[in-house]
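Read the structure below first, then the notes.
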Amino acid sequence: MSEETDNVQLCIIGAGVAGVGIADALSESAIDVTFIEKSRGVGGRAATRRKNGCRYEHGANYIKNDPAGNTKQLIESLGEGGLVDIDEPIWTFDADGDIQESDRQEDHKWTWKQGITQFSKRILARTHATVEQPVRAQSLNQANGRWTVTDTDDAEYGPFDAVVFTPPAPQTATLLAETTVGGEEDDRLVAAHSAVEGVSYRSVRTFILHYPFAIDRDYYAIVNRDKAHSIGWLARESCKDDHVPEGEELLVVQMGNDWSEAHYDEPREELAPVVAEMVAKLLDDDALTEPDWVDEQGWRYAQPEDSVTMDAIEPLTEIGLYAAGDWVVGHGRAHKAYWNGVELGEQLSATL
Ligand SMILES: Cc1cc2nc3c(=O)[nH]c(=O)nc-3n(C[C@H](O)[C@H](O)[C@H](O)COP(=O)(O)OP(=O)(O)OC[C@H]3O[C@@H](n4cnc5c(N)ncnc54)[C@H](O)[C@@H]3O)c2cc1C
């Protein structure tokens, strides 16, 4: 429900890191940005949760640098207050649960004392974007060259000159199926829908296991390199400043794709003891079978396994529709999604 101004009106569906990157690139432009975001927070899959005095990242664990060092510069530009660069290394384990020190060179692993959502919050704070939330976009229609977005409560937002889709590909495909031009289907939308629907994803069920005692190890996390273990990743959140009170531990356990898909709809209460057993076996410590509390998050669309065919989505620009996100760039990494958003923002700044 944007106010009428002479500025170009842009709607970004989804305030994850890709959307935030678009707004960042447009912060000096005469384009007004309105986010439509279904959840109460920002950051999408790069999110933080708080419970019982702990803070933990249940999606993306940290932000990495890129070879050119642009992400390092970006992180520094957000202010170093509260910045955490995890010192402890990442080791590996195999199908038999054999844990090995890794010989891979350690890189920066950034988050913030207040959590990884700071990435999106700090960037948004330097833009003029408006965030409408919690608002779940359901359908779009273009009339007289301008777009209206309708949410699941039938409220309308717009008119917008252009709209960017940033939800994971399957959710963007659902929206494209509900997008019309003058109330009619459009061949470009049909072709884009089929390409976007074809992007495949890894699923992850993340279990959070809390213990009222410290767990000392020489690593921050261990990753299953051969992808043949039920557990894909296990991290000690105590290695992040201000995340876990002294003398306690909180393990973030991301289950592998096959296990996650096989058990996706099973209740957390039934699975948590099974996961805790696996963790105890992997870390060779019986005390770990009994966390004092657990939490869980299912990510049906955790990380894309490939990227969309751009040939099918580029024609949408003729009608003012765009897409950004990790599935556009083809890498399930927060910094890649952010830079993909920046690239699109720069393109929109030059063309809208
Ligand atoms: C378990 C897990 C671990 C990961 N680990 C790492 C890691 O350690 N390091 C790393 O760099 N990356 C990691 N990633 C990947 C990283 O989180 C993503 O690549 C990145 O966050 C994608 O950002 P995005 O903006 O493209 O999408 P998203 O973060 O998914 O943002 C899309 C936004 O759209 C919103 N949305 C969806 N549908 C609608 C709708 N209909 N209406 C309104 N809003 C809508 C969503 O709520 C969301 O906020 C991990 C991901 C997962 C799930």
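Predicted model only: the values in this text are computed from it and were never measured. All residue numbers in this chain count up from 1 along the given sequence.
Between His58 and Trp299, a ring centre-to-centre spacing shorter than 6.0 Å is recorded. Aromatic rings from His263 and Trp259 are positioned such that their centres are separated by under 6.0 Å. Between His243 and Tyr56, a ring centre-to-centre spacing not shorter than 6.0 Å is recorded.
Counting only distance, with no hydrogens or angles, the side chain of Ser120 and the backbone of Thr117 share no donor-acceptor pair below 3.5 Å. Checking side-chain atoms of Asp306 against main-chain N and O of Val199 turns up no donor-acceptor pair under 3.5 Å. Under the 3.5 Å distance criterion, the side-chain polar atoms of Tyr201 are matched with a main-chain donor or acceptor of Ala169. Remark: the backbone N or O of Ala60 is not paired with any side-chain donor or acceptor of Arg45 at under 3.5 angstrom. When atom types are taken as modelled, the side chain of Ser260 and the backbone of Arg205 share a donor-acceptor pair closer than 3.5 angstrom. Checked by atom type and distance alone, the side chain of Arg122 pairs as donor or acceptor with a backbone atom of Leu78 at under 3.5 Å. Side chain of Asn340 to backbone of Leu344: no donor-acceptor contact under 3.5 angstrom is found. Thr166 contributes no side-chain N or O that, together with a main-chain N or O of Ala324, makes up a donor-acceptor pair within less than 3.5 Å.
Between Arg146 and Asp161 a salt bridge is recorded (basic side-chain N to carboxylate O distance below 4.0 Å). Contact check on Asp66 versus Arg333 returns no salt bridge, with no Lys/Arg side-chain nitrogen under 4.0 Å from an Asp/Glu carboxylate oxygen. Between Asp295 and Arg268 there is a salt bridge, with a side-chain nitrogen of the basic residue lying less than 4.0 Å from a carboxylate oxygen of the acidic one. Using a 4.0 Å cut-off between charged nitrogen and carboxylate oxygen, Asp24 and Arg126 count as a salt-bridge pair. In summary, Arg202 and Glu261 do not engage in a salt bridge, as defined by a charged side-chain N under 4.0 Å from a carboxylate O. Using a 4.0 Å cut-off between a side-chain N of Lys or Arg and a carboxylate O of Asp or Glu, Lys72 and Glu76 qualify as a salt bridge.
Considering Lys240, Arg50, Lys109 as possible partners of Glu57, the one that fulfils the salt bridge (Lys or Arg N to Asp or Glu O under 4.0 Å) test is Lys240.
When all heavy atoms are compared, the tightest approach of Ser238 to Glu249 is OG-OE2, 2.8 Å.
Both the sub-6.0 Å distance and the 45° axial angle are not jointly satisfied by Arg225 relative to the ring of Phe93.
Val164 is not listed as a side-chain neighbour of Cys11, based on a closest heavy-atom distance of 4.5 Å or more.
With values rounded to the nearest 0.5 angstrom, Gln114 atom CD is found 11.0 Å from Asp241 atom CG.
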